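Reviewing the structure listed below.
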Protein chains: 2
Amino acid sequence: MSVRRPSVAPHARELRNPALVFAALGDKTRLDLVARLCAGGPLSIARLTDGADVTRQAITKHLNILAGAGLVRDIRVGRERLWEVETRQIEEARRCLDRICSQWDDALGRLKLAVEGEEH
Amino acid sequence: MSVRRPSVAPHARELRNPALVFAALGDKTRLDLVARLCAGGPLSIARLTDGADVTRQAITKHLNILAGAGLVRDIRVGRERLWEVETRQIEEARRCLDRICSQWDDALGRLKLAVEGEEH
DNA sequence: GTGAAATGCAACCGTATGGTTGCTCATGGC
DNA sequence: GCCATGAGCAACCATACGGTTGCATTTCAC
């Protein structure tokens, strides 16, 4: 199998898949999980389950989705599995929104120029 | 250092439903739409459709979802329906991520203090 | 007024998603 | 060694989601 690595630079600090990250954040339960992990540091699945109103299995699935988006990371400790947040990815998401907004600002600027140019 | 104030800021314009907004952004097609609207100003459905690889109907559905999250707004002009981005909502989303990250920073701070307290 | 363009509406379809239950496996405490 | 706890695995289920097609409606342009 061809190990074709993406042409994108490995260390590029951009989200490789913004939609994936936003989709992961786009669920109330998962957003709660992220918030709890941010507020309280590493927590086990069991800990995360009580306090949530769904099954442990559901929590596990959500954590896997968050992990798939690079938003959380797990650490195995004994029979427990602790999860902690990956802040860098969240910051990347934030920056992604920044970029979009600034595009809009640019567009406004261009529009202004164009309008002024037409007034003669 | 964070002064302990009522957990929710009084007049802060917060997202009433962050998950909804993130979910709306959590789809490649929709993210593209938002980006295009940000970069190019108001566009009609027809305009948005060519350039996308799905049907006009699909685009319409996506736009409605974005509108439901408050991310875009439509203006009817003649037989056309122009869509433009609602930057405030995007900024709110960005701020939401900020808040989450800062929680984490606070937690790190507390953790540091606690560890230092234990070293005796 | 006729035709083409820009949308709207509704039904339909396959699949992903969020959730559950039931069972097994590993680990730590006593 | 025993047993409770923490977690994994797999099957299953209802519904939401992304997408399509077909047809009706409004509006502009000539």
Side-chain angles (χ1 to χ4, degrees), chain A residues 16-37 40-86 93, chain B residues 16-37 40-86 93:
Chain A
R16 15 96 206 172
N17 191 349
L20 188 66
V21 176
F22 289 128
L25 294 173
D27 177 276
K28 190 178 179 315
T29 306
R30 287 197 291 269
L31 208 48
D32 282 350
L33 286 175
V34 171
R36 287 182 64 189
L37 288 178
L43 290 175
S44 71
I45 298 179
R47 280 297 193 89
L48 288 169
T49 297
D50 44 57
D53 53 355
V54 289
T55 319
R56 173 178 60 86
Q57 304 294 350
I59 296 293
T60 297
K61 285 190 181 181
H62 283 305
L63 287 170
N64 284 329
I65 291 175
L66 287 171
L71 286 165
V72 298
R73 178 195 338 162
D74 70 302
I75 319 155
R76 297 198 121 96
V77 176
R79 66 180 159 180
E80 281 183 324
R81 191 175 172 189
L82 301 181
W83 291 84
E84 66 179 9
V85 82
E86 189 91 67
Chain B
R16 16 92 203 175
N17 191 349
L20 188 65
V21 175
F22 289 128
L25 294 173
D27 176 275
K28 190 177 178 316
T29 306
R30 287 197 291 268
L31 209 47
D32 282 349
L33 286 176
V34 171
R36 287 183 63 191
L37 288 179
L43 290 175
S44 71
I45 298 179
R47 282 295 195 87
L48 287 169
T49 297
D50 44 55
D53 54 352
V54 289
T55 319
R56 172 179 60 86
Q57 305 293 352
I59 296 293
T60 297
K61 284 191 182 182
H62 283 306
L63 286 171
N64 285 328
I65 292 175
L66 288 170
L71 286 165
V72 298
R73 176 197 339 161
D74 70 304
I75 318 156
R76 297 197 120 97
V77 177
R79 65 180 160 181
E80 281 184 323
R81 192 175 173 188
L82 302 181
W83 292 85
E84 66 179 10
V85 83
E86 190 92 65

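Quantities reported herein were computed from a predicted structural model and do not represent experimental measurements. The chains referred to below are lettered A, B, ... by the order of the sequence lines, with proteins before strands, and numbering in each begins at 1.
- Side-chain atoms of B:Arg79 stay outside donor-acceptor range of the base of D:dT26, with no qualifying N/O pair under 3.5 Å.
- Taking for each of B:Arg47 and A:Arg56 the nucleotide of DNA chain C with the nearest heavy atom, the 5'-most of the two is the partner of B:Arg47.
- Between A:Arg76 atom CZ and C:dG28 atom P there is a gap of 13 Å when expressed in whole angstrom units.
- Residue B:Asp74 contributes atom CG, which lies 17 Å from atom P of C:dA6 at whole-angstrom precision.
- In this model, a side-chain donor or acceptor of A:Gln57 finds a partner on the base of C:dG22 within 3.5 Å.
- One can place CG of B:Leu43 at 11 Å from P of C:dT7, the figure rounded to the nearest angstrom.
- Computed from coordinates, the B:Ile65 CD1 to D:dG19 P distance equals 9 Å when rounded to whole Å.
- With respect to the salt-bridge test (charged N to carboxylate O, under 4.0 angstrom), the residues A:Asp32 and A:Arg36 do not qualify.
- For the atom pair B:Thr60 OG1 and B:Ile65 CD1, the distance stands at 11.0 Å (nearest 0.5 Å).
- Counted within 6.0 Å of CZ on B:Arg47, heavy atoms from surrounding residues, nucleotides or ligands total 12 or fewer; the atom is thus considered open.
- Residue A:Ala46 is in sugar-phosphate contact alone, with no base atom involved, counting any heavy-atom pair closer than 4.0 Å across all strands shown.
- Atom P of nucleotide D:dC13 and atom NZ of A:Lys61 are separated by 13 Å, given to the nearest angstrom.
- To the nearest angstrom, P of D:dA16 lies 17 Å from CG of B:Asn64.
- Rounded to whole angstrom, the span from the CG atom of A:Leu48 across to the C1' atom of D:dA7 amounts to 13 Å.
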